[in-house]
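This structure is a prediction, so every number in the text was calculated from the model and none was measured.
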Amino acid sequence: MSQEQAQASGPGNGGTVSPAASAAHPIMFWVLTGLALLIFAPCVLVPLWVEKEQMRAHERALEALVADLEAQVARDQARAQALMTDPQVNERVIRRELNVRPPGERVIQWSPDELASVSPDLAVPTTQPAKVIPEENSSRCVAVLARWLPDWPYEDLFARSPQRPLLLAMAGGLLLAAFLLYAPASASDGDADSTA
């Protein structure tokens with residue numbers, strides 16, 4: 001009797017679906033959906049990451065430009081202040097720009113050998129260190145994640161034209177297959193099977 005019931009309950013005989021088959025449908029549905037999401041997520045996140053990195057590089061370049069311009073403004077303000085207050089600076093400017101010499105001054109010509117023997121000990125002014133941009137938390141997370149991921153060209157795979165549309169189409173195909181082949185049965189479908 002138990003063999004007859006097993007044969008009668010098989011899917012080919014119009015009986016109910018076995019418990020193993022009913023458990024396989026949700027599992028396969030979620031496996032295909034998970035694979036689709038694993039392909040779709042990098043196709044969305046990597047182009048955003050590339051754009052963010054380009055914006056950060058542009059921001060760093062602008063910060064360096066602003067720092068250079070601020071240093072130039074500070075030098076120009078110091079020169080303007082020196083021209084307004086220091087008579088020696090004014091005298092040097094008059095000598096250099098207008099080539100004016102006082103009447104009792106004598107110009108001495110030095111040979112290159114004499115100039116080479118005199119080595120002034122001038123201290124080289126140190127430049128200010130560049131302002132360090134604090135590293136964001138997302139950059140640290142990506143650095144930690146990069147240690148575990150294989151060394152693949154992620155930007156070429158997920159952000160460039162020939163591969164990205166194909167991967168998006170593959171993710172869409174997997175999701176479509178999950179819904180067409182293994183969609184969860186609704187309650188009305190179960191009631192229709194039980195009445196038949």
Side-chain angles (χ1 to χ4, degrees), residues 1-71 128-196:
M1 180 84 169
S2 62
Q3 290 178 348
E4 292 173 1
Q5 288 176 350
Q7 288 176 353
S9 65
N13 297 329
T16 61
V17 179
S18 69
S22 65
H25 280 288
I27 291 171
M28 285 305 297
F29 174 80
W30 287 111
V31 165
L32 289 175
T33 304
L35 286 173
L37 288 175
L38 281 175
I39 295 172
F40 181 74
C43 289
V44 172
L45 296 176
V46 170
L48 292 174
W49 178 257
V50 169
E51 185 178 342
K52 179 185 174 192
E53 289 300 315
Q54 289 173 349
M55 288 172 54
R56 287 184 67 201
H58 185 67
E59 180 182 353
R60 282 190 212 107
L62 288 178
E63 283 182 357
L65 179 64
V66 167
D68 289 344
L69 290 175
E70 285 175 349
Q128 294 179 349
K131 189 167 53 172
V132 178
I133 299 173
E135 189 175 345
E136 296 178 6
N137 289 337
S138 62
S139 298
R140 290 186 206 132
C141 294
V142 169
V144 169
L145 189 62
R147 282 188 262 162
W148 295 98
L149 292 174
D151 191 22
W152 290 349
Y154 293 105
E155 188 175 331
D156 291 336
L157 278 175
F158 299 112
R160 294 253 184 339
S161 178
Q163 293 86 7
R164 185 171 184 260
L166 289 175
L167 288 172
L168 286 172
M170 185 188 309
L174 284 171
L175 199 59
L176 185 66
F179 276 101
L180 289 179
L181 297 176
Y182 302 107
S186 64
S188 62
D189 291 343
D191 293 340
D193 287 341
S194 65
T195 57

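With rounding to the nearest 0.5 Å, the separation of CG in Leu166 from CD1 in Ile39 is 11.5 Å. Between the CE atom in Met170 and the CG atom in Leu35 there is a gap of 10.5 Å [rounded to 0.5 Å]. One distance of note links CG of Leu176 with CG of Leu181; it measures 8.5 Å at 0.5 Å rounding.
Taking 4.0 Å as the cut-off between side-chain N and carboxylate O, Glu53 and Arg56 count as a salt-bridged pair.
Two residues are said to be in side-chain contact when any heavy atoms from C-beta on lie closer than 4.5 Å; Leu168 and Arg164 meet this criterion. Glu70 has its side chain within reach of Val66: a pair of non-hydrogen atoms, C-beta onward, lies under 4.5 Å apart. Leu175 is listed as a side-chain neighbour of Thr33, based on a closest heavy-atom distance under 4.5 Å.
Annotation: Glu51, atom CD; neighbour count of heavy atoms from other residues, nucleotides and ligands within 6.0 Å does not exceed 12.
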### Query
Does the pair Gln54 and Val50 meet the rule for a side-chain contact (heavy atoms from CB on, under 4.5 Å), with working shown?
CA-CA 6 Å; Gln54 289 173 349; Val50 169; 3.9 Å; yes
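The minimum heavy-atom distance linking Tyr182 with Phe29 is given by the pair O-CB, 3.3 Å.
Residues forming a side-chain contact (heavy atoms from CB on, under 4.5 Å) with Phe158 (at least two apart in sequence, or on another chain): Pro42, Cys43, Val46, Tyr154, Leu167. Remark: Leu69 engages Leu65, Gln72 in a side-chain contact (heavy atoms from CB on, under 4.5 Å) (not counting sequence neighbours).
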